[in-house]
Structure formats: structure tokens, C-alpha cells
Amino acid sequence: MEKQFVHCQIDEGIAVVTIDNQAALNALNAQTLTQLEKTFDELGQNPDVRGVVLTGAGEKSFVAGADISEFLKVSGKDAPEFMARGQRIFDKIEAFDRPVVAAVNGYALGGGSELAMSCDIRIASENAIFGQPEVNLGIIPGYGGTQRLPRLVGPGMAKEIIFADERISAQEALRIGLVQRVVPRGQAVEEAKKLLKKILAKGPVAVRMAKKAINEGLNMSLADGQKLEASCSGVCFGTEDKDEGAKAFLEKRPANFKGK
Ligand code: COA
């Protein structure tokens with residue numbers, strides 16, 4: 001039977017996806033990537049799932065990068081396809097049509113940091129360490145890191161992290177906007193669930209459209225981004241939830257959103 005490196009547990013509409021290869025600090029090998037993609041494909045088909053927490057097993061590591069033992073067999077000719085596969089899977093997580101929160105419970109290095117950056121929001125435990133150590137191996141981040149990191153922290157900081165392999169503590173990650181919250185060791189998953197529960201009480205279509213407008217708008221001009229925002233507003237204003245939200249406010253009661 002194939003070894004399972006990715007586990008998924010669904011409870012009260014929240015799926016907790018755990019990358020579990022603790023002997024290698026949850027490094028992403030080819031099988032793990034395949035299982036991660038399959039897991040998100042299945043969650044995408046499951047209407048009961050309303051949000052996802054992505055984490056690593058244990059308390060030492062979220063994901064310590066791509067599996068370095070696989071690099072020796074990747075040639076310069078193979079590398080673009082090797083990277084494109086990881087990029088495609090991380091893009092899928094980024095574009096997942098419900099919120100995805102990374103609970104970064106330790107090392108988030110290389111592909112681990114890139115995976116966390118593909119999530120909507122990052123919550124770090126106080127022992128988390130972020131970094132892009134690829135240059136130590138004579139390569140560059142290949143699962144989106146050269147693109148997502150400067151978008152999140154600015155090009156100067158991204159270059160410092162990528163060129164010099166500057167490691168970033170949880171508190172420093174908070175300061176530069178790489179993570180949104182820092183919590184005591186062992187509590188990142190619970191905090192992520194708590195935040196998701198808050199988000200899940202809001203209009204689901206509104207959250208979905210906000211995610212689309214932000215994610216896709218980041219790659220557009222301001223003018224095109226605002227056109228996208230207007231069209232996403234159109235989707236929200238066409239829902240029953242819009243009327244329910246306004247009525248609930250006027251009637252001074254909590255809204256009962258239906259997601260349509
Ligand atoms: N790929 C493959 N194996 C990895 C790995 C990775 N990215 N990261 C850690 N491991 C393995 C180690 O080889 C070691 O295996 P072993 O017990 O069979 O020797 C095991 O995980 C534990 O790692 P170790 O280095 O002994 O732990 P540590 O606490 O001393 O150091 C790190 C932790 C994260 C600082 C260190 O493992 C590290 O630098 N990892 C590589 C990070 C990296 O460069 N990632 C980017 C890859 S592109």
C-alpha cells in the first residue's frame with residue numbers, strides 16, 4: 001500500500017490537511033506533492049468543506065522544503081517541468097475557492113515557505129522559522145518563491161531572504177507581513193480553526209469573491225483590478241445572501257447566510 005504523507009480530517013466544515021513525513025521534517029517528495037494535489041482536488045469536490053487549515057505533523061517543522069534527495073536526478077533540462085508541477089499544485093491551493101489558512105508549526109523552508117505563501121493567511125507558532133535556503137544548494141526557489149515572496153514583503157526584503165538565506169523568526173515574519181499572527185508553540189492549528197470559524201460565519205459568496213478579487217487583482221493594473229472588483233461585487237449583489245445580510249442588519253439580528 002502507498003505510504004500516506006498527507007492526512008486530512010474534516011470536522012464542522014473545516015478540513016485540517018497535515019503533511020506528515022516527520023523523519024524528513026515533512027519535506028515534500030514527489031509522492032507527497034501528488035497526495036497533496038489529490039487531497040485538494042477531493043476537498044474542492046466536497047461541498048461540506050468550507051475552509052482548510054494546512055499544517056505539518058509534529059512541533060518541529062511545517063515543511064522543511066522540497067525533498068533534496070530528489071534533486072540529484074533533476075537536470076537543467078528537466079528542472080522547468082519539475083518546478084512547473086509544484087507551481088501548478090501550489091497555484092491550485094492559492095486558487096482554492098474557499099479560505100485556506102496555513103498553521104506554520106515550525107520550519108517553513110524553501111518549498112515549505114512557498115507552500116505557506118500559497119495559503120490565504122499564515123498563522124505561525126512562536127518557534128516557526130521561515131527561509132529560502134535554495135542558494136545554499138546552488139539553485140533558486142522554484143515553487144513560486146521568487147514571485148510570491150516579493151509580492152508579500154517587497155523586493156528588497158525578498159532579495160535579502162533569497163540571496164543571503166536570511167532566516168526569519170516568527171516575530172520577524174510578523175513584522176514584515178509574512179505572517180498575520182504568532183501564537184504559542186502547539187497552538188497554530190487551533191488558532192487557524194478559530195479564525196476560520198469567524199470567516200465561515202460571513203457570507204460565503206462574499207468571502208469567495210473577495211479572495212478572487214484580491215488574488216487575481218494582485219496581478220493586474222489598478223484599473224483592471226477595479227473592473228474585476230466591480231464584477232465580483234455584481235456576483236455578490238445577485239445573491240440571496242445580500243438581501244439576508246441587509247435585512248439582518250436592519251432587524252438587528254445575526255445573518256443566516258445560505259451561500260447563494
Ligand atoms: N529534504 C530532504 N530531507 C530533509 C530535508 C529536505 N528539505 N530537510 C530535512 N531533511 C532530513 C534530514 O536529511 C534528516 O534526515 P536523516 O535523519 O536521515 O539524516 C532529517 O530530515 C532531520 O533533519 P536534520 O538536518 O538532522 O535536523 P536539524 O534539526 O539538525 O536541522 C533544518 C533542521 C531544517 C535546519 C535542516 O534539516 C535543513 O537545513 N534542511 C534543509 C532545508 C532546505 O534547504 N530546504 C530547501 C530545499 S530546496
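As the structure lists them, so they are numbered: ligands from 1, and atoms in each ligand from 1. FYI, the numbering just counts along the sequence from 1.
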Best match, G65, A64, P141: closest heavy atom to atom 42 (C) of ligand 1: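 When every heavy atom of G65, A64, P141 is considered, A64 comes closest to atom 42 (C) of ligand 1.
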Option nearest atom 6 (C) of ligand 1 (shortest heavy-atom distance, choices A23, A66, S61):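 When every heavy atom of A23, A66, S61 is considered, A66 comes closest to atom 6 (C) of ligand 1.
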Under 4.0 Å from any heavy atom of [X], which atoms of ligand 1 are there?
X	value
L109	34 (C), 42 (C)
F71	48 (S)
E134	48 (S)

Any N/O pair A27/ligand 1 closer than 3.5 Å: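 It does not: no N or O of A27 is found under 3.5 Å from an N or O of ligand 1.
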For [atom], what's the nearest protein heavy atom and its distance?
atom	result
atom 11 (C) of ligand 1	A24 CA, 3.7 Å
atom 41 (C) of ligand 1	I68 CD1, 3.8 Å
atom 30 (O) of ligand 1	K60 NZ, 4.8 Å
atom 36 (C) of ligand 1	L25 CD1, 4.6 Å

Side chains of D20 and T18, donor plus acceptor under 3.5 Å: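 No pair is found: no donor N or O on one side chain lies under 3.5 Å from an acceptor on the other.
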T34 side chain to R85 side chain, donor-acceptor N/O pair below 3.5 angstrom: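 The answer is yes; a qualifying pair exists.
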Of K260, K202, R253, the residue whose pairing with E244 passes salt bridge (charged side-chain N to carboxylate O under 4.0 Å, His left out):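 The residue from K260, K202, R253 that satisfies salt bridge (charged side-chain N to carboxylate O under 4.0 Å, His left out) with E244 turns out to be R253.
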Within a distance of under 4.0 Å, is there any protein heavy atom near [atom]?
atom	value
atom 13 (O) of ligand 1	no
atom 16 (P) of ligand 1	no
atom 25 (O) of ligand 1	no

Let me have the donor-acceptor pairs involving side chains of residues 116-126, under 3.5 Å, with sequence neighbours excluded, atom names and distances please.
unit_1 : atom_1 : unit_2 : atom_2 : d
S118   : OG     : E114   : O      : 2.9
D120   : OD1    : K211   : NZ     : 3.3
D120   : OD2    : V100   : N      : 2.7
D120   : OD2    : K211   : NZ     : 2.9
R122   : NE     : L178   : O      : 2.7
R122   : NH1    : A116   : O      : 2.9
R122   : NH1    : C119   : O      : 2.9
S125   : OG     : V104   : O      : 3.3
S125   : OG     : N127   : OD1    : 2.7
E126   : OE2    : R185   : N      : 3.3

Min heavy-atom dist G112 to ligand 1 below 4.0 Å: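 Per 4.0 Å heavy-atom rule, G112 does not contact ligand 1.
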Q132 heavy atom under 4.0 Å from ligand 1: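 So Q132 does not count as touching ligand 1.
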Enclosure of K212 NZ (heavy-atom neighbours >12, cutoff 6.0 Å):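 Not buried by this count: 12 neighbours or fewer within 6.0 Å.
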